[in-house]
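Before any comments, here is the structure.
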Amino acid sequence: VLSIAASRQWPIHQLDVKNAFLHGHLHETVYCQQPPGFVDPARPDAVCLLQRSLYGLKQAPRAWHQRFATYVRQLGFVASATDTSLFVYTEGGASAYLLLYVDDIVLTASSEALLRRIIGRLHSEFAMTDLGELHHFLGISVTRSSDGLFLSQRQYAVDLLQKAGMAECHSTSTPVDSRAKLSATEGAPVADPATYRSLAGSLQYLTLTRPDLAYAVQQVCLFMHDPREAHLALIKRILRYVKGTLSAGLHISTGPIDKLIAYSDADWAGCPDSRRSTSGFCVFLGDSLVSWSSKRQTTVSRSSAEAEYRAVAHVVAECCWLRQLLQELHVPLKVATVVYCDNVSAVYMTANPVHHRRTKHIEIDIHFVREKVALGEVRVLHVPSKYQFADLMTKGLPVQLFEDFRSSLCIRNPDASTEGG
């Protein structure tokens with residue numbers, strides 16, 4: 001949504017709903033005890049029948065969402081089937097997108113007049129605050145300039161370093177080294193597993209604007225159940241890297257959004273304990289990075305081609321979801337999605353209809369990708385490893401290569417500003 005708004009120079013506003021959960025209507029019968037200080041002396045044992053939802057009720061989030069969705073449908077919005085937090089409005093040539101996260105709203109429209117009209121209608125139904133142009137949403141700072149949007153979590157990263165007691169630590173060039181992956185049994189158990197899990201979970205949220213951290217954070221999250229000293233050392237290395245790149249963030253450009261390009265990679269049998277492979281992908285809408293993943297595969301692959309093909313299937317599934325989402329946003333793609341893979345065998349398998357004994361156990365993935373290729377929605381092409389940006393999602397890289405790929409993934413420092421703006 002931000003890529004479309006930036007490309008088309010649409011205004012983007014954020015709104016905050018006051019006491020959102022109190023707006024919801026309950027469809028279930030719920031009773032509560034009389035609150036202290038408001039007990040009826042004539043009937044001290046009576047209970048109250050709730051007409052509206054309250055904070056603390058497990059029904060409250062669902063009741064609020066149903067109430068809000070029902071009202072915006074009356075305004076002409078259509079709820080997205082691809083993403084339940086998205087509502088799309090179209091009237092003639094005008095369009096608007098509304099994203100709802102609990103009580104926080106991001107609203108963008110094709111014209112300032114339409115934006116103001118929708119905000120006015122929302123104000124008439126709910127108590128809410130117009131916070132102006134999108135600038136800080138869910139801990140993410142948004143800076144708009146002539147060349148696009150810059151998303152940063154600098155303050156979140158600073159707070160995380162202070163929480164870990166590493167605010168004054170020395171920085172490092174990469175979040176993970178290029179040596180073999182960690183073992184689940186390597187080293188002694190950590191003294192405080194709860195702190196390890198808290199730091200790993202906090203780093204997960206930081207990957208929302210920092211794709212360069214995705215692989216390293218995925219590695220430390222594999223050992224949540226039994227963290228060891230070697231795993232804690234990796235978390236500290238990630239934090240030292242964060243310390244040296246506090247200002248870095250994700251840039252969304254104003255370029256055209258007429259194509260979807262994906263890079264897919266796999267690190268075959270990299271896990272020293274289970275010999276499972278790690279899949280990684282990154283997807284660009286135009287020149288902007290919109291989706292990325294680093295994930296250990298659920299099964300063991302018997303060859304590097306099989307591991308790479310499973311990774312291709314993962315990114316093709318993600319691209320199908322993105323194409324459907326763009327269709328609902330009324331920005332349909334007219335050209336096939338290009339998926340780049342650096343394994344020649346995996347590329348051949350997407351087009352060759354002949355089945356072999358060595359590939360029949362991955363037949364479902366093969367059929368899924370081939371069907372999308374046959375329909376013209378996807379093209380799988382070979383790319384040399386030196387241009388395989390998804391390598392950053394599957395393994396540790398040397399410093400120079402890491403920095404080159406990081407730049408290619410739209411991660412950069414904010415534009416320098418002079419005094420007085």
Side-chain angles (χ1 to χ4, degrees), residues 150-154 157 160-161 166 169-182 199-200 203-222 230-253 261-272 277-284 287-296 304 307-308 311 315 340-343 383-414:
F150 181 75
L151 311 184
S152 171
Q153 290 174 280
R154 177 188 169 86
L160 177 55
L161 287 168
M166 296 179 64
C169 67
H170 295 290
S171 62
T172 185
S173 301
T174 59
V176 63
D177 59 37
S178 55
R179 293 179 296 176
K181 292 180 171 61
L182 296 175
L199 292 174
L203 283 169
Q204 275 189 309
Y205 192 67
L206 191 56
T207 61
L208 285 178
T209 59
R210 297 293 300 275
D212 52 330
L213 297 176
Y215 167 69
V217 173
Q218 180 261 345
Q219 284 293 296
V220 298
C221 289
L222 292 175
H231 311 148
L232 183 60
L234 179 53
I235 280 191
K236 291 181 178 178
R237 179 179 175 128
I238 297 171
L239 291 171
R240 290 203 306 274
Y241 170 74
V242 170
K243 169 69 175 178
T245 56
L246 280 174
S247 298
L250 186 67
H251 179 252
I252 298 175
S253 72
I261 298 175
Y263 293 82
S264 166
D265 189 51
D267 183 34
W268 178 44
C271 177
S277 308
T278 301
S279 293
F281 67 73
C282 47
V283 185
F284 294 83
D287 295 327
S288 302
L289 183 68
V290 294
S291 181
W292 57 91
S293 170
S294 177
K295 187 177 182 180
R296 190 167 67 176
S304 59
E308 295 276 2
V315 73
Y340 287 111
C341 173
D342 60 3
N343 186 281
V383 65
S385 295
K386 63 180 179 180
Y387 301 121
Q388 177 52 280
F389 305 143
D391 263 357
L392 199 109
M393 303 290 172
T394 60
K395 59 180 76 72
L397 299 174
V399 175
Q400 187 58 54
L401 187 61
F402 176 84
E403 291 178 350
D404 290 346
F405 283 178
R406 181 180 65 187
S407 174
S408 300
L409 293 181
C410 305
I411 302 166
R412 72 179 204 188
N413 288 319

Chi angles and distances behind the side-chain contact (heavy atoms from CB on, under 4.5 Å) call for Leu409, Cys282 = CA-CA 8 Å; Leu409 293 181; Cys282 47; 3.7 Å; yes

Donor-acceptor under 3.5 Å ([X] side chain, [Y] main chain):
X      : Y      : answer
Ser288 : Ser253 : yes
Gln153 : Tyr205 : yes
Ser294 : Gly280 : no
Arg296 : Cys271 : no
Gln388 : Ser264 : yes

Give, for atom [atom1] of [X] and atom [atom2] of [Y], the distance between the pair rounded to the nearest 0.5 Å.
X      : Y      : atom1 : atom2 : value
Arg412 : Thr245 : CZ    : OG1   : 15.5 Å
Lys236 : Met166 : NZ    : CE    : 7.0 Å
Asp391 : Leu401 : CG    : CG    : 7.0 Å
Tyr241 : Ser173 : OH    : OG    : 9.0 Å
His251 : Thr209 : NE2   : OG1   : 14.0 Å
Leu161 : Leu246 : CG    : CG    : 6.0 Å

Qualifying residues under salt bridge (Lys or Arg N to Asp or Glu O under 4.0 Å), relative to Lys243, sequence neighbours excluded |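 Salt bridge (Lys or Arg N to Asp or Glu O under 4.0 Å) check on Lys243 returns nothing, list empty.
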
Worked verdict on Glu308 versus Trp268 for side-chain contact (heavy atoms from CB on, under 4.5 Å) | CA-CA 8 Å; Glu308 295 276 2; Trp268 178 44; over 6 Å; no

Please test Asp404 against Lys386 for side-chain contact (heavy atoms from CB on, under 4.5 Å), starting from the C-alpha separation and ending with a verdict.
-> CA-CA 10 Å; Asp404 290 346; Lys386 63 180 179 180; over 6 Å; no

Would you call Asp265 and Lys395 a salt bridge, using N to O less than 4.0 angstrom?
->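 Salt bridge present between Asp265 and Lys395.
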
Given Ser171 and Arg240, is the side-chain hydrogen bond (donor to acceptor under 3.5 Å, both in side chains) satisfied, shown in steps?
-> CA-CA 4 Å; Ser171 62; Arg240 290 203 306 274; over 6 Å; no

Quick one, [X] and [Y] - any side-chain contact, counting heavy atoms below 4.5 Å?
X      : Y      : value
Leu289 : Val283 : no
Tyr215 : Pro175 : no
Phe402 : Asp212 : yes
Val242 : Leu213 : yes
Thr207 : Leu203 : no
Ser277 : Asp267 : no

Testing the basics here: between [X] and [Y], what is the closest heavy-atom pair and its distance to 0.1 Å?
X      : Y      : value
Tyr340 : Ile261 : CE1-CG2, 3.7 Å
Ala248 : Ile411 : CB-CG2, 4.1 Å
Ser385 : Asp342 : OG-OD2, 3.5 Å
Pro211 : Leu392 : O-CD2, 4.1 Å
Ala216 : Val176 : CB-CB, 4.3 Å
Thr278 : Thr394 : O-CG2, 3.6 Å

Evaluate the criterion ring-ring contact (aromatic ring centres under 6.0 Å, His included) for residue pair Phe281 and Phe389; output intermediate values, then yes/no.
-> CA-CA 8 Å; Phe281 67 73; Phe389 305 143; over 10 Å; no

For side-chain contact (heavy atoms from CB on, under 4.5 Å), just list the numbers for Ser178 and Leu397, CA-CA rounded to whole Å, side-chain angles, deciding distance to a tenth of an Å, and then say yes or no.
-> CA-CA 5 Å; Ser178 55; Leu397 299 174; over 6 Å; no

Taking atom types as modelled, is there a side-chain donor on Arg237 or Thr174 under 3.5 Å from an acceptor on the other?
->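 Yes.
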
